[in-house]
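Counting convention: from 1, in listed order, for ligands and their atoms alike.
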Amino acid sequence: MPLLDVSVRVRPALAGFEPYDPAFSPCEVNLSANENTHSLPAEVTEALREAMVTTPLNRYPDPLANELRDELAAWHGVARNAVMVGNGGDELLFNLLFSFGGPGRSLAVCPPCFEEYKNFAKMCETEVVEVWRCEDDYSIDADALIEAARGAAMVMITSPNNPTGDLVDPVLVRRLLDETDALVLLDEAYVEFAPEGASLVPWVAANPRLMILRTLSKAFALAGLRCGYLIAAPEVIDVLAAIRQIYSEDVLAQSVAMAAVRAREALRPVVSDIVAERARLSAKLSELPGVTQWPSEANFLLVRVPDAATVRARLRDEFSVLVRDFSYAPGLSDCLRISVGTHEENDRLLAALAAILK
Ligand code: PMP
């Protein structure tokens, strides 16, 4: 008998959750979490360092991070009241379900996709309706999603999708807005790695039910900082502003994010290099025996290899290369997700995979 049996005390909707496990092991090459592993231009690192060392820590943050909202708003051509900042995109996803989900409401998702949508929905007592992607090319059955969305409070779709790498067809987003009454969250965490014009941020002004999630964790190389943002109708932003943890975006995150967003032009070559490396990695992977892969517009590739769990363990234990194993997940049997690293990191991975798969 435990000293304290919390199972009878914990809120029933929260029973059974486990702490998040990123399945991290220390490795020389870590390509497991879709981080940006490139070194940044000196002017950017200098601007970030300056922001860190000059920010006083004795005062509370601006709860709404208004200076940062203004910078993001100017970048995206919207007003401050169409932007909300969060402690990573994760906080905003949770707050969306906290605000617009709840008992008697449902969330429609298209798995395999980012698993936190479902976890946060369950925590917020929101039913999850899953419209599974097609097993071979991971395309979405548009009619099935529209049908599910007709009864849902919200739809969450990912573009490019994690872990399958594909962009959502804008025609599907148009249909969701025209043919259903659901709030539509388009998660563009990886959109900076997709071709110019892939983002649907310009649609928000004319479509008040469309909400776009972005993050500084990927292209901006700030996964450790915890800063994401949502672009949405002012009415949605007002709700999020009212229910958020008041100081969740700390002063360092606000000032460093501000410096990074201001330096966004200088980061372009880094993103271009990752995109070029993605093409090179993909071409080299296609020369290896037994590898199936899917086209990706993000900073990772989904590959299927024989006995993926063993391949992942051997990469880690014999070659000190860490990738993400999805072989346990429905629809992703024998699949590994490989983040695109630097030229050298990708070469290490390719050599290791060649040795394992030969
Ligand atoms: N959306 C997707 C699709 C993601 O893959 C991630 C991170 N892995 C997030 C949102 C959240 O990112 P963050 O909280 O670091 O901003």
Asks: Please compare Asp187, Asn162, Asn161 and report which has the shortest non-hydrogen distance to atom 2 (C) of ligand 1.
Replies: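 Looking at heavy atoms only, the winner is Asp187.
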Asks: Going by the order shown, which atoms of ligand 1 are within less than 4.0 Å of some heavy atom of Ser217?
Replies: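 That gives atoms 13 (P), 15 (O), 16 (O) of ligand 1.
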Asks: Just checking, any donor-acceptor pair under 3.5 angstrom between side chains of Ser272 and Arg268?
Replies: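 Side-chain D/A pair, Ser272 to Arg268: absent.
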Asks: Does Glu277 reach the main-chain N or O of Val340 with its side chain, forming a donor-acceptor pair under 3.5 Å?
Replies: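 Not confirmed, Glu277 side chain does not pair with Val340 backbone.
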Asks: Under 4.0 Å between a Lys/Arg side-chain N and an Asp/Glu carboxylate O for Arg133 and Asp166?
Replies: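 Judged by the 4.0 Å cut-off on N to carboxylate O distance, Arg133 and Asp166 do form a salt bridge.
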Asks: I'd like to know if Val131 and Val128 are part of one continuous hydrophobic network [Ile/Leu/Val/Met/Phe/Trp/Tyr, side-chain heavy atoms within less than 4.5 Å].
Replies: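 No, because Val128 and Val131 fall into different hydrophobic clusters, even though each may have its own neighbours under 4.5 Å.
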Asks: Would you call Gly88 a ligand 1 contact, heavy-atom distance under 4.0 Å?
Replies: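 Yes, that is the case, since the closest heavy atom of the residue is under 4.0 Å from the ligand.
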Asks: Do me a favour and list the nearest non-hydrogen protein atom to atom 8 (N) of ligand 1 with residue, atom name and distance?
Replies: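 Result for atom 8 (N) of ligand 1: Lys218 NZ, 3.3 Å.
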Asks: Counting heavy atoms only, which of Leu185, Asn34, Asp90 comes nearest to atom 12 (O) of ligand 1?
Replies: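 It is Asp90 whose heavy atom sits nearest to atom 12 (O) of ligand 1.
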Asks: Is it the case that more than 12 heavy atoms not belonging to Glu318 sit under 6.0 Å from its CD atom?
Replies: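 It does: Glu318 CD has more than 12 such atoms within range.
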Asks: Enumerate the atoms of ligand 1 whose separation from the nearest heavy atom of Tyr190 is less than 4.0 angstrom.
Replies: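 In order of numbering, the contacting atoms are 3 (C), 4 (C), 5 (O), 8 (N).
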Asks: If the plane angle is over 60° it's perpendicular, under 30° parallel, otherwise tilted; pick one for Tyr229 and Trp75.
Replies: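 Aromatic pair Tyr229/Trp75 classed tilted.
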Asks: Any idea which of Leu213, Thr215, Ile157, Leu92 brings a heavy atom closest to atom 16 (O) of ligand 1?
Replies: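 Shortest heavy-atom distance from atom 16 (O) of ligand 1: Thr215.
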Asks: Mark up the atoms of ligand 1 that fall under 4.0 Å of a heavy atom belonging to Gly89, in ascending order.
Replies: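 That gives atoms 13 (P), 14 (O), 16 (O) of ligand 1.
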Asks: Which atoms of ligand 1 have any heavy atom of Thr158 under 4.0 Å away?
Replies: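 The atoms of ligand 1 under 4.0 Å from a heavy atom of Thr158 are 3 (C).
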Asks: What are the two closest non-hydrogen atoms of Ala308 and Ser327, and how far apart are they?
Replies: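 That would be CB-CB, 4.1 Å.
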Asks: How far is atom 6 (C) of ligand 1 from its nearest protein heavy atom, and which residue and atom is that?
Replies: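 Checked against all protein heavy atoms, atom 6 (C) of ligand 1 sits closest to Phe114 CZ, 3.5 Å.
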Asks: Tell me whether the guanidinium CZ or amine NZ of Arg324 lies under 6.0 angstrom from the six-membered ring centre of Phe326 and within 45° of its axis.
Replies: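 Yes - Arg324 lies over the ring of Phe326, closer than 6.0 Å to its centre and within 45° of its axis.
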Asks: Considering only non-hydrogen protein atoms, determine which one is nearest to atom 14 (O) of ligand 1 and report residue, atom name and distance to 0.1 Å.
Replies: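 The closest one turns out to be Arg226 NH2, 2.7 Å.
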Asks: Considering the heavy atoms of Ala189, write down every atom of ligand 1 situated less than 4.0 Å from one of them.
Replies: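 Near Ala189, meaning under 4.0 Å from one of its heavy atoms, ligand 1 has 1 (N), 2 (C).
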